[in-house]
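Chain letters run A, B, ... following the sequence lines, proteins first, then strands; residues in each count from 1.
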Number of protein chains: 2
Amino acid sequence: MHAATALASDHPIARAATVVPIQPAVRREPPTQRSPRCSACAMRAFCMPPELSADDLKKLDSLICSTRSVRRGDALYRAGDAFQSIYAVRAGSFKTMVMHRDGREHVTGFQIPGEALGLDGIGTGQHNGDAIALEDSVVCIIPFAQLEAMCREIKPLQHYIYQMMGSEIVRESRQMMLLGTMTAEQRVATFLLGLSRRFKARGFSAAEFHLRMTREEIGCYLGMKLETVSRMFSKFQRERLVHANGKTIRIVDPDALARV
Amino acid sequence: MHAATALASDHPIARAATVVPIQPAVRREPPTQRSPRCSACAMRAFCMPPELSADDLKKLDSLICSTRSVRRGDALYRAGDAFQSIYAVRAGSFKTMVMHRDGREHVTGFQIPGEALGLDGIGTGQHNGDAIALEDSVVCIIPFAQLEAMCREIKPLQHYIYQMMGSEIVRESRQMMLLGTMTAEQRVATFLLGLSRRFKARGFSAAEFHLRMTREEIGCYLGMKLETVSRMFSKFQRERLVHANGKTIRIVDPDALARV
DNA sequence: CGCATGTTTGATATAAGTCAATATATGTGG
DNA sequence: CCACATATATTGACTTATATCAAACATGCG
């Protein structure tokens, strides 16, 4: 299978969700709908602990009973929104970003199917940043108050949520190290290898994939300007480490890339 | 009260803990001892949810029944150590750091009394980085497995732990923005104002305090070289925003510092 | 198919890094 | 308790990685 479609909205997982109705320009309640069950979901291995009993899974299905479609460029939530739920990406992809009062903004992460969104609201009850769809996407809605209640009953679920949050803390501290200590070249190499690893874990090609974000968004994530991102892609291409054709990336020499 | 002693080991909170026995050079089991109760602890407002019943507090006292002393420069834990417990700083201060295989290291945070340590182990069961005491310090040990069990019984405690982890996620994303988008001058200003705010919340002077970390550690936290940190301190001094005499800091014009 | 949006590349500017010398703390053993 | 050794901090001169500005080029979406 060709992994260039990894994040495309015609991906099998996206197709499994009901077709998104065309949205009128007028703002209204975001479209939600009943979802297929967790127990039947292809992404379950990424969202949920493996050791749940059939009985636990049934409870879980009663909790996560709706999905939401978000069109490319639209926000799943914005900074300051009241925190109600966390989300699991079911299809598509997102960026999360924080903004400083002076308008300076920074991308804190990119999320692909099976990954969580919305943890930034747990601390204060308000989301700390925006989550923007990079393409037409679908998320599962997990109401946090009910999840908390269920965690008091289902020990593996409780443990899994702690682990998920703990892993996010570790991911962020790695990103701080990247931003604090690496050169532009190393940051871009690390970024590509990280994406590659995540695609591979989901059964897509580790070598070739399609970026859904712009050079500017990558730069904003890696703490550099879009021109620098572009120059590093060109440099890796000259050195035969990566073949970059616009948004299509083929990693030619992952070992050399890791040594950069 | 003069806040220059905010982190000094003769601080009242430190004195409340039993005196640390001198350690022989030989490595041995870290010294732990029974602690005074949470219910009587001056730092409780920072470690624990306010709405606990007397009964809940009693349970909590049975959970957090030991402290550990860590001498200046020693590690509370190191990367790769099995994760057993989280910790609350009772007296003193720490830095947490992550190291890349090539030896490059980065400071991910500084912790003062009432703040948590060890959350980086929850995700994988191993600590992701080191926690090093910046001065002779004391921590409360909170065995995580038992904490988890207690969270299934005491709802406010469960909620508090989620909030604590959520707040750490938000703190880290702010630090990513700092590292990704701010100038050296803005980073140092933000660092000083952040410390000031935390001291103030603990009843110490927001205007004058004592740094327990070196310029190099500050630089490693803020993603710049120690010389740059020093130059920024000198610059703020020339501009009458801050008076910096070695490790003693007096914030002269906090509003101007925030506008930098 | 056309225009807005995104990308690449080059020339130049600049913030921060590096190297080096000096100054000032801090801690230790006599 | 002082003197020395070591660690930490400051400052200056120079270098460099990355930002900035600008122009040409490609892409893809409506």
Side-chain angles (χ1 to χ4, degrees), chain A residues 4-5 7-10 22-23 25 71-74 95 104 106-107 132-136 178-189 210-238 242-249 260, chain B residues 4 7-9 22 25 71-73 95 104 106-107 132 134-136 178-189 191 210-238 242-249 260:
Chain A
T5 58
L7 293 176
S9 49
D10 65 351
I22 308 292
Q23 293 301 300
R71 315 211 67 204
R72 180 180 142 86
D74 285 354
K95 65 173 172 180
R104 192 174 28 212
H106 184 75
V107 172
I132 309 291
L134 295 175
E135 62 193 300
D136 293 353
L178 177 145
L179 291 167
T181 75
M182 292 186 186
T183 63
E185 188 182 17
Q186 293 168 327
R187 293 180 206 191
V188 174
H210 210 88
L211 300 175
R212 305 306 304 205
M213 65 296 279
T214 66
R215 300 288 190 265
E216 181 164 29
E217 287 164 332
I218 296 170
C220 205
Y221 176 58
L222 298 177
M224 67 189 72
K225 293 295 160 184
L226 67 99
E227 293 94 330
T228 307
V229 176
S230 181
R231 281 184 234 276
M232 292 309 144
F233 279 5
S234 302
K235 183 162 190 283
F236 289 150
Q237 180 128 341
R238 275 198 306 279
V242 166
H243 184 93
N245 185 355
K247 291 193 153 134
T248 304
I249 299 290
V260 158
Chain B
L7 294 176
S9 50
I22 307 291
R71 316 211 66 205
R72 177 179 141 89
K95 65 173 172 181
R104 190 176 29 211
H106 183 75
V107 173
I132 309 291
L134 295 175
E135 61 194 301
D136 293 354
L178 176 144
L179 292 166
T181 75
M182 292 187 186
T183 64
E185 188 182 19
Q186 294 169 327
R187 293 180 207 193
V188 175
F191 169 70
H210 210 87
L211 301 175
R212 306 305 306 205
M213 67 295 283
T214 66
R215 299 289 189 266
E216 181 164 28
E217 288 164 332
I218 296 171
C220 206
Y221 176 58
L222 297 178
M224 67 188 74
K225 293 294 158 184
L226 66 98
E227 293 95 329
T228 306
V229 176
S230 184
R231 280 184 236 276
M232 293 307 145
F233 280 5
S234 301
K235 183 162 191 281
F236 290 151
Q237 181 128 342
R238 276 198 305 280
V242 166
H243 185 93
N245 187 356
K247 291 192 154 137
T248 304
I249 299 291
V260 158

| Partners meeting salt bridge (Lys or Arg N to Asp or Glu O under 4.0 Å) with A/Glu185 (sequence neighbours left out) | A/Lys235
| B/S/- contact track for nucleotides 6-18 of chain C, protein heavy atom under 4.0 Å | -SBBBB----SSB
| Over its full length, what angle do the end axes of the helix from C/dC1-D/dG30 to C/dG30-D/dC1 make, each axis taken from five pairs and the result rounded to 10 degrees? | 60°
| For B/Arg104, all residues meeting salt bridge (Lys or Arg N to Asp or Glu O under 4.0 Å), sequence neighbours excluded | B/Asp102
| query | Counting only N and O atoms by type, is there a donor-acceptor contact under 3.5 Å from the side chain of B/Asp136 to the main-chain atoms of B/Arg72? | reply | yes
| query | What are the two closest non-hydrogen atoms of A/Gly73 and A/Ile132, and how far apart are they? | reply | O-CG2, 3.6 Å
| Can you name the residues that form a side-chain hydrogen bond (donor to acceptor under 3.5 Å, both in side chains) with A/Ser234, not counting sequence neighbours? | none
Could you pull out every donor-acceptor pair under 3.5 Å between side chains of residues 218-231 of chain B and any protein atom, sequence neighbours left out?
unit_1: B/Tyr221; atom_1: OH; unit_2: B/Gln175; atom_2: OE1; d: 3.3

| query | Only one of B/Val242, B/Val188, B/Asn245 forms a side chain to side chain contact (heavy atoms under 4.5 Å, CB included) with B/Phe233, so which one is it? | reply | B/Val188
